[in-house]
Amino acid sequence: MRRALSASLAVTLLLALPAAQTRTSKTLDIYVVDVEGGNATLYVAPSGESVLIDTGNGGAAGPRDPERIMAAAKDAGLTQIDHLINTHWHGDHFGGHEELAKRIPIRDYVDHGPTVEPQPASTAFLDTVYPKLFGASKHTVVKPGDKIAVSGLDWRIVTAGGQAIKTALPGAGAANRYCASFKPKDPDPTENAQSVGSVITFGKFRVVQLGDLTWNKEFDLMCPNNRVGTVDLFIVSHHGLNVSNSEALVHGLHSRVAIMNNGTRKGGFPEVMKTIYSAPGLEDLWQMHFSVLSGQEYTMPGVFIANPVDDQPTTMPIAPVEAPTGRGAAPPPAHNGRAYWIKVSANTDGSFTVTNARNGFSKTYAAGR
Ligand SMILES: [Zn+2]
């Protein structure tokens, strides 16, 4: 009798729970998951509502990246992803999508619309797989200025489909002095320039994450007036590649901390590292990996780097390595073993703590911007 009673009580309690799981945490938690030079970043609000930006690689990488995302989702106590933002239709961003959807319910699929750069993998996914997935839940095509409803957060879309917001966000819009030295690059016809970019505000804490948005589009967003404003955290654009990350963006944002989702040989270019190191207001850069393209010359100390490689070399190169390209180029150092995230826990007063899950090293950045 007693058991039956408690069982029915449990059912009642379960039914009374809201759709999003209830958490005791008061922080906005952000997991930058290692997907080997792709992107997967999980945001979990104190309400338990979650937004995942991108799903990492698929294809030959198999379920590796979705499994790594699931580890972060489990750590956060999630039983569903409330919104999945696909920044753009490149395989290092949507590749893990189908496998992830088999592992956890996804309630809202967000993107910039059809691809402008059809490739076999993205076409196959968009024509056959994707409609089945969002058909069972919700599909949202965003444009700059849109909001994504997440309880406790102000989530604004600032770029999408090659366009940027024309009106400054609240508190932003000052002239950006780093526009003066901006030199445009050739127009980018790829999906990168279509990236869905977000600015997330949690009390006084602000983050910007622009996917793989490229150089000239940074100018459109940040010049002549900085419509984003200043931020606490900058998720470095495009893995730290030098076709993104102009001074107009990186210096204009005046972020306190930057986190780079680079791979062992993707991103972390010397000129980008220099731009970040010379950014006004920047206190630390954290990285997913050591990049051989940086060499010791430009890398952060290992304490700020989340992941090793499978066969750790006994020495690290001092000089940056030129990216080998073309047929017969040696593959980058592989990392298919255990992966570690960098986790940010932010408070509404603007203070936040960044933790390297590999070594447990963490650093708290006080409020008071
Ligand atoms: Zn990418």
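The analysis underlying the following values was restricted to heavy atoms, covering all of them including side chains, and did not include hydrogens, waters or symmetry mates. Read the numbers this way: they start at 1 and go in the same order the structure lists the ligands and their atoms.
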query = Is the Zn ion (ligand 1) less than 2.8 Å from at least one N/O/S atom of His93?
reply = yes
Contact check: His239 to the Zn ion (ligand 1), N/O/S below 2.8 Å = yes
Distance in Å, Ile276 CD1 paired with Glu247 CD, rounded so as to fall on 0.5 Å steps = 11.5 Å
key: Over all atoms of both residues, closest heavy-atom pair of Ser195 and Gly211   = OG-C, 4.1 Å
query = Are the side chains of Asp111 and Tyr130 in touch, meaning some heavy atoms are under 4.5 Å apart?
reply = yes
query = Taking NZ, NE, NH1 and NH2 as the nitrogens, is one of them in Arg68 or Asp34 under 4.0 Å from a carboxylate oxygen of the other?
reply = yes
inquiry  = What do you get for the angle at the Zn ion (ligand 1) between OD2 on Asp212 and OD2 on Asp92, to the nearest 10 degrees?
reply    = 150°
